[in-house]
Amino acid sequence: MEAFSGGAFDTTMVIPDMPEPTSGQGCVLAAEEDRRFAFTNMMTAGFHPQDTSGEGQFPFTAEIKITPKDTGCTYTVTARHVDAAGAEQHKAMGFFEGWGTAADQMVEVAATL
């Protein structure tokens with residue numbers, strides 16, 4: 001991921017019960033150090049529109065917020081989908097479990113700092 005507004009991202013995910021990894025490209029919408037990171041698959045780098053209408057595609061925007069709290073922080077991920085079908089497809093791919101795993105991994109790293 002290029003952590004600046006308009007930057008590119010390219011992800012590859014291995015999803016349980018799926019025969020092949022899935023990958024996607026998109027655009028970073030906002031990158032505010034220690035506060036907020038937002039991205040979408042509806043555009044590519046430089047805010048260029050991208051076709052997300054193919055089979056297995058679903059347009060979405062994700063926002064990660066980090067809010068200071070006591071001696072730590074609150075980490076919130078919000079995914080917004082164009083329609084309910086896309087949200088369900090994302091959920092079926094393990095969206096909640098995947099982000100939960102990522103959060104657990106960050107806790108492990110933070111504990112070593």
Side-chain angles (χ1 to χ4, degrees):
M1 290 191 174
E2 298 176 328
F4 55 85
S5 294
F9 81 81
D10 185 357
T11 58
T12 300
M13 297 177 287
V14 176
I15 301 170
D17 301 324
M18 290 188 73
E20 297 292 323
T22 183
S23 55
Q25 294 76 38
C27 182
V28 174
L29 301 172
E32 301 170 24
E33 189 173 346
D34 298 332
R35 298 190 60 218
R36 182 174 173 250
F37 188 78
F39 59 95
T40 185
N41 69 341
M42 292 183 276
M43 292 183 271
T44 60
F47 304 105
H48 295 282
Q50 173 168 243
D51 182 10
T52 56
S53 64
E55 185 175 336
Q57 297 286 320
F58 52 90
F60 74 96
T61 298
E63 179 181 39
I64 302 167
K65 287 184 179 179
I66 300 170
T67 308
K69 181 177 181 184
D70 302 324
T71 60
C73 69
T74 299
Y75 171 83
T76 305
V77 177
T78 303
R80 294 174 178 88
H81 298 83
V82 172
D83 55 30
E88 282 302 314
Q89 183 179 354
H90 209 176
K91 182 179 177 182
M93 290 173 66
F95 171 80
F96 291 105
E97 295 84 359
W99 280 101
T101 298
D104 292 343
Q105 291 168 341
M106 287 188 285
V107 169
E108 288 177 26
V109 169
T112 68
L113 302 176

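Counting begins at 1 with the first residue of the sequence.
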Cluster link Met43 to Ile64, ILVMFWY, side chain under 4.5 Å: no
Cluster check Phe9, Phe47: I/L/V/M/F/W/Y, side chain < 4.5 angstrom: no
Mind checking what makes salt bridge (Lys or Arg N to Asp or Glu O under 4.0 Å) contact with Arg80, not counting sequence neighbours? Glu63
With a 3.5 Å distance limit and no angle check, can you tell me whether Thr11 reaches the backbone of Ser23 through a side-chain donor-acceptor pair? no
Rounded to the nearest 0.5 Å, how far does OG1 of Thr76 lie from CZ of Arg36? 12.5 Å
Measure across Thr52 and Met42 and return the closest heavy-atom pair with its distance rounded to 0.1 Å. CG2-CA, 4.2 Å
Mind checking salt bridge (Lys or Arg N to Asp or Glu O under 4.0 Å) for Glu88 and listing every partner two or more places apart, or none if nothing turns up? none
Would a hydrophobic clustering, with Ile, Leu, Val, Met, Phe, Trp and Tyr connected at side-chain separations under 4.5 Å, put Leu29 with Phe37? no
I need the Thr44 OG1 to Gln25 CD distance, nearest 0.5 Å. 9.0 Å
In the structure I gave you, are the side-chain heavy atoms of Val82 and Phe58 within less than 4.5 Å of one another anywhere? no
If I compare all heavy atoms of Thr112 with all of Val109, which pair ends up nearest, and what's the gap? OG1-O, 2.6 Å
Euclidean distance, Asn41 CG relative to Thr61 OG1, rounded to 0.5 Å: 7.5 Å
Taking C-beta and beyond as the side chain, do Val28 and Phe4 meet within less than 4.5 Å on heavy atoms? no
Tightest non-hydrogen contact, residues Ala31 and Ser5, listed as N-OG, 4.2 Å
Please give me the minimum heavy-atom distance between Gly46 and Cys27, naming the atom from each residue. N-SG, 4.2 Å
For the pair His90 and Phe95, name the ring-plane relationship: parallel under 30°, tilted 30 to 60°, perpendicular over 60°. tilted
Can you check whether Thr101 reaches Gln105 side chain to side chain, under 4.5 Å on heavy atoms? yes
Would you check if Val107 and Tyr75 make a side-chain contact, meaning some heavy-atom pair closer than 4.5 Å? no
Are side-chain heavy atoms of Thr40 and Gln50 found at a separation under 4.5 Å? no
